[in-house]
Amino acid sequence: MKVASVFPPKTLPPGTVLVLEDAKGLALWQTGKGMLPSAEELGKAAYVVFSLPSGRVYRYPVVGTATSLSTLKVRVGKNVYALNTLLKNRHVSIGKDGSLVAQAQAPSSGKSSASQSGKASGAKKP
């Protein structure tokens, strides 16, 4: 089974499905089914798959065991990451019903580096 050595896209499009697969590639659980995975499903998970609506698939091997979906660790290339971190960096999280939920992105501050350096010198903000 082919695994990805690159990260999923920085922005996951609507309709992206997260799937837990066993060692044979059979789906154990997927987002959008109205519930979180059980401890048994987490224990059997061998791969985490990001399935994009375009048909593009990113499959990552699971490393170790986890007590929840957010603590599940996956190998991307030579490094290991918590699934929660991968999702957070893509501005999504997993809702209580097991669906992917888009997070509001923080607006850029728009401050210049000069105003930032003013803070460092002890200047008071008006």
Side-chain angles (χ1 to χ4, degrees):
M1 207 167 307
K2 188 174 180 182
V3 295
S5 59
V6 296
F7 290 104
K10 275 291 190 188
T11 303
L12 295 175
T16 298
V17 177
L18 192 67
V19 182
L20 295 181
E21 292 181 344
D22 65 11
K24 296 177 184 176
L26 299 174
L28 298 168
W29 174 87
Q30 71 181 39
T31 54
K33 293 294 184 183
M35 65 182 134
L36 292 171
S38 67
E40 181 182 356
E41 291 165 333
L42 286 168
K44 289 181 179 179
Y47 299 97
V48 172
V49 179
F50 287 81
S51 180
L52 278 56
S54 64
R56 189 95 196 235
V57 175
Y58 296 85
R59 177 177 282 111
Y60 304 102
V62 171
V63 178
T65 57
T67 57
S68 70
L69 197 55
S70 62
T71 61
L72 201 65
K73 293 189 184 332
V74 296
R75 182 172 307 283
V76 180
K78 295 181 180 180
N79 298 311
V80 175
Y81 299 91
L83 179 59
N84 195 40
T85 301
L86 287 178
L87 293 173
K88 181 178 161 188
N89 290 343
R90 277 137 191 88
H91 308 290
V92 295
S93 63
I94 297 178
K96 292 180 181 180
D97 64 349
S99 62
L100 287 179
V101 179
Q103 299 295 314
Q105 296 182 22
S108 61
S109 64
K111 293 183 181 179
S112 68
S113 59
S115 66
Q116 294 292 338
S117 63
K119 282 185 177 180
S121 65
K124 297 269 184 191
K125 192 174 178 181

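Heads up: numbering here begins at 1 and tracks the sequence.
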* Asked: Hey, does N89 have a side-chain heavy atom less than 4.5 Å from the side chain of F7?
  -> no
* Structure fact -> Closest non-hydrogen atoms of L83 and F50, given as atom of the first, atom of the second and distance, are CD1-CZ, 4.0 Å
* Give the minimum heavy-atom separation between P9 and L52, together with the two atoms involved. => CG-CD2, 3.6 Å
* Quick check: does any side chain N or O of W29 sit under 3.5 Å from a backbone N or O of L42, one acting as donor and the other as acceptor? -> no
Quiz: residues 14-23 side-chain donor-acceptor pairs under 3.5 angstrom, not counting sequence neighbours:
{"residue": "T16", "atom": "OG1", "partner": "P13", "partner atom": "O", "Å": "2.7"}
{"residue": "E21", "atom": "OE1", "partner": "R59", "partner atom": "NE", "Å": "2.9"}
{"residue": "E21", "atom": "OE1", "partner": "R59", "partner atom": "NH2", "Å": "3.2"}
{"residue": "E21", "atom": "OE2", "partner": "R59", "partner atom": "NH2", "Å": "3.1"}
{"residue": "D22", "atom": "OD1", "partner": "K24", "partner atom": "N", "Å": "3.0"}
{"residue": "D22", "atom": "OD1", "partner": "G25", "partner atom": "N", "Å": "3.0"}
{"residue": "D22", "atom": "OD1", "partner": "L26", "partner atom": "N", "Å": "2.8"}

* Shared hydrophobic cluster, L12 / V6 (ILVMFWY, side-chain heavy atoms < 4.5 Å) -> yes
* Got a sec, which residues hit salt bridge (charged side-chain N to carboxylate O under 4.0 Å, His left out) with K44, two or more places apart in sequence or on another chain? -> E40
* Asked: Partners of T71 by side-chain hydrogen bond (donor to acceptor under 3.5 Å, both in side chains), sequence neighbours excluded?
  -> S68
* Hey, does the side chain of Y60 reach the backbone of S5 with a donor-acceptor pair shorter than 3.5 angstrom? -> no
* Asked: Do L72 and V92 belong together in a cluster built from hydrophobic side chains that touch within less than 4.5 Å?
  -> yes
* To do: Kindly write out the residues that satisfy side-chain contact (heavy atoms from CB on, under 4.5 Å) with P61, not counting sequence neighbours, or none if the list is empty.
  => V3, Y47, R75
* Structure fact -> Sorted by chain and number, sequence neighbours left out, side-chain hydrogen bond (donor to acceptor under 3.5 Å, both in side chains) with S38 holds for E41
* Please write out which residues are connected to V80 in a hydrophobic cluster, directly or through intermediates, given that two of Ile, Leu, Val, Met, Phe, Trp, Tyr count as joined at side-chain heavy-atom separations below 4.5 angstrom. => V63
* **Separation between NE2 of H91 and CG of L100, rounded to the nearest 0.5 Å** => 14.0 Å
* To do: Work out which heavy atom in S51 is nearest to a heavy atom in V57; give both atom names and the distance.
  => OG-CG2, 4.3 Å
* To do: Drop me the distance from D97's CG to L36's CG, to the nearest 0.5 angstrom.
  => 7.5 Å
